[in-house]
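Since the model is a prediction, treat every value here as computed from it, not as a measurement.
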Amino acid sequence: MAPLRTQWTRLIRFLAAETGQVHIGEPVDPKLDVGLAIHQKKTVKAYEIVGSVLDPAAQVTKNVLTVKELLAPLSREDVGLVRCLGLNYADHAAEANLSKPAYPVLFYKPITSLIGPEVPVTIPKHVQPVEKHLPDYEVELTVVIGRPAKNVSEADALDYVIAYTAGNDISFRYHQMAVSQWNFSKGYDNTTPIGPCLVAAHTIPDPQSLPLKTVVNGKTVQDGTTADQIFNVRQTIAFLSQGTTLLPGSIIMTGTPKGVGFVKKPPVYLKNGDDMNVWLGGGIGTLFNAVVEERGAEKAKL
């Protein structure tokens, strides 16, 4: 099967100043870190794309629009399902004093957890105080499936990828470590940023050569490379598609390198007012999200 090839190289989804409507487009400046530019309140312009995010035939036009608000590159409805790998970097498994898994460790997130650039990560009341629940960051290369994939071989696996983006798998370690299933502790509303853009798969022939890092309050806390993944992207897609159809739009968050907060001594945790960003190479760029603690009604009692 031939690899998916889009008409665009990078795609953003945004509210346009000219129309007040949601559009998709290709940044006019091919080298611009869109997430960083938006965070710095610089003007970002894009060539309008006619068609849908997941249609490889969507056409890049010459109509230039101004980004008023940068959105997640995929809507929740586009995504449908979020698959995630845990313990997929050897250095991360080592820092957590855990053995390398023999098979990919899979968990799921609800689409209600997804947010875009500049949207605050909200720490729910029931996982406060933060010094007990240890909210944590995790930079992740995120794979976007572009065609139905079932029983795919490793050799053909990348032919089913339409794009890559960045993700931040915000995790609440107290609940994560209390049980064997991680879906609940990693799936709260508005806690999983993705973006700032999609980079077409055909422009990243080797997803195992991408640098990635996390910065919190100006300090680099993760600095790794996808070359250190235990299960690479080809292996991951082949494994997850066994007897299972991976639908277009579904995303796979592929794990995080060393440097997470909860293993540090003393533990580092996210808290109200923190400034956080994750960055990936290959043209993906920087995804900025502040951290806020939900306030208001009485906390749920567990």
Side-chain angles (χ1 to χ4, degrees), residues 6-80 111-122 139 142 144 146 162-168 170 189-204 215 218 248-249 251 273-292:
T6 58
Q7 303 299 310
W8 46 268
T9 299
R10 297 195 302 160
L11 180 148
I12 58 174
R13 184 170 154 267
F14 60 97
L15 191 68
E18 292 83 356
T19 68
Q21 303 295 316
V22 175
H23 297 263
I24 56 174
E26 169 122 43
V28 170
D29 183 344
K31 296 183 178 179
L32 182 69
D33 182 333
V34 177
L36 178 60
I38 291 294
H39 189 69
Q40 295 175 338
K41 302 188 184 308
K42 295 181 179 179
T43 299
V44 175
K45 293 186 177 291
Y47 296 112
E48 183 181 12
I49 295 175
V50 176
S52 69
V53 174
L54 299 172
D55 181 6
Q59 295 293 311
V60 181
T61 72
K62 295 183 178 180
N63 184 37
V64 176
L65 296 171
T66 306
V67 177
K68 181 179 180 181
E69 180 182 353
L70 186 63
L71 306 174
L74 295 161
S75 71
R76 291 173 174 178
E77 292 72 25
D78 288 331
V79 172
I111 58 173
T112 49
S113 71
L114 297 177
I115 56 175
E118 301 293 336
V119 178
V121 167
T122 302
V139 61
T142 300
V144 184
I162 193 169
Y164 300 96
T165 191
N168 191 348
I170 302 299
D189 288 355
N190 305 316
T191 56
T192 305
I194 60 170
C197 69
L198 300 185
V199 174
H202 69 260
T203 70
I204 301 180
V215 177
I251 63 176
D274 280 349
D275 180 42
M276 171 179 59
N277 69 78
V278 299
W279 173 87
L280 269 93
I284 294 171
T286 314
L287 174 61
F288 285 87
N289 300 89
V291 180
V292 298

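Rounding to the nearest 0.5 angstrom, the gap separating the OG1 atom in Thr165 from the CG atom in Leu287 is 7.5 Å. Here the straight-line distance linking atom OG1 of Thr19 with atom CD of Glu48 works out to 8.0 Å at 0.5 Å rounding. Considering CG of Leu114 and CD of Glu77, their distance stands at 10.0 Å, rounded to 0.5 Å. Atom CD1 of Ile115 and atom CG of Asn289 lie 4.5 Å apart (nearest 0.5 Å). Separating the CZ atom in Arg10 from the CG atom in Leu32 is a distance of 6.5 Å, to the nearest 0.5 Å. The structure places CD1 of Ile194 at 12.0 Å from CD1 of Ile284, a figure rounded to the nearest 0.5 Å.
In this structure, Leu74 and Arg13 have side chains that are not in contact, with every pair of non-hydrogen atoms separated by 4.5 Å or more. Side-chain contact between Val64 and Tyr47 is present, with at least one heavy-atom pair separated by less than 4.5 Å. Counting only heavy atoms from C-beta outward, the side chains of Asp275 and His39 approach each other to under 4.5 Å. Ile170 is listed as a side-chain neighbour of Pro193, based on a closest heavy-atom distance under 4.5 Å. Using a 4.5 Å cut-off on side-chain heavy atoms (C-beta onward), His23 and Phe14 make contact.
Contact detail for Gly51 and Ala58: the closest heavy-atom pair is CA-CB, 4.0 Å. Closest non-hydrogen pair, Ser52 versus Ile24, comes out as C-CD1, 3.9 Å. Closest approach of Pro27 and Val34 over heavy atoms only: CG-CG2, 3.7 Å. Across Ala163 and Trp8, no two heavy atoms sit closer than the pair CB-CH2, 3.9 Å. In terms of heavy atoms, Gly195 sits closest to Pro73 at CA-CD, 3.6 Å. Residues Val278 and Gly167 share a closest heavy-atom pair of CG2-O, 4.1 Å.
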**Q.** Derivation and outcome, side chain to side chain donor-acceptor pair (under 3.5 Å), residues Thr286 and Asp33
**A.** CA-CA 7 Å; Thr286 314; Asp33 182 333; 2.7 Å; yes

Q) What's the verdict on side chain to side chain contact (heavy atoms under 4.5 Å, CB included) for Trp279 and Val215, showing C-alpha distance, side-chain angles and the deciding distance? A) CA-CA 8 Å; Trp279 173 87; Val215 177; over 6 Å; no

Q.
Is there a side chain to side chain contact (heavy atoms under 4.5 Å, CB included) between Met276 and Val291? Walk through the geometry before answering.
A. CA-CA 7 Å; Met276 171 179 59; Val291 180; 3.8 Å; yes

Q.
side chain to side chain contact (heavy atoms under 4.5 Å, CB included) for Thr6 and Glu26? Distances and angles first, verdict last.
A. CA-CA 11 Å; Thr6 58; Glu26 169 122 43; over 6 Å; no

**Q.** Step-by-step side chain to side chain contact (heavy atoms under 4.5 Å, CB included) determination, Thr43 to Thr66
**A.** CA-CA 7 Å; Thr43 299; Thr66 306; 4.0 Å; yes

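Across Val67, Ile49, Ile38, a single residue satisfies side chain to side chain contact (heavy atoms under 4.5 Å, CB included) together with Ile12, and that is Val67. When the options Leu198, Val199, Ile162, Val60 are evaluated for a side chain to side chain contact (heavy atoms under 4.5 Å, CB included) with Leu11, the one that passes is Leu198. The side-chain hydrogen bond (donor to acceptor under 3.5 Å, both in side chains) with Ser113 is formed by just one residue from the set Thr191, Asn190, Thr192; it is Thr192.
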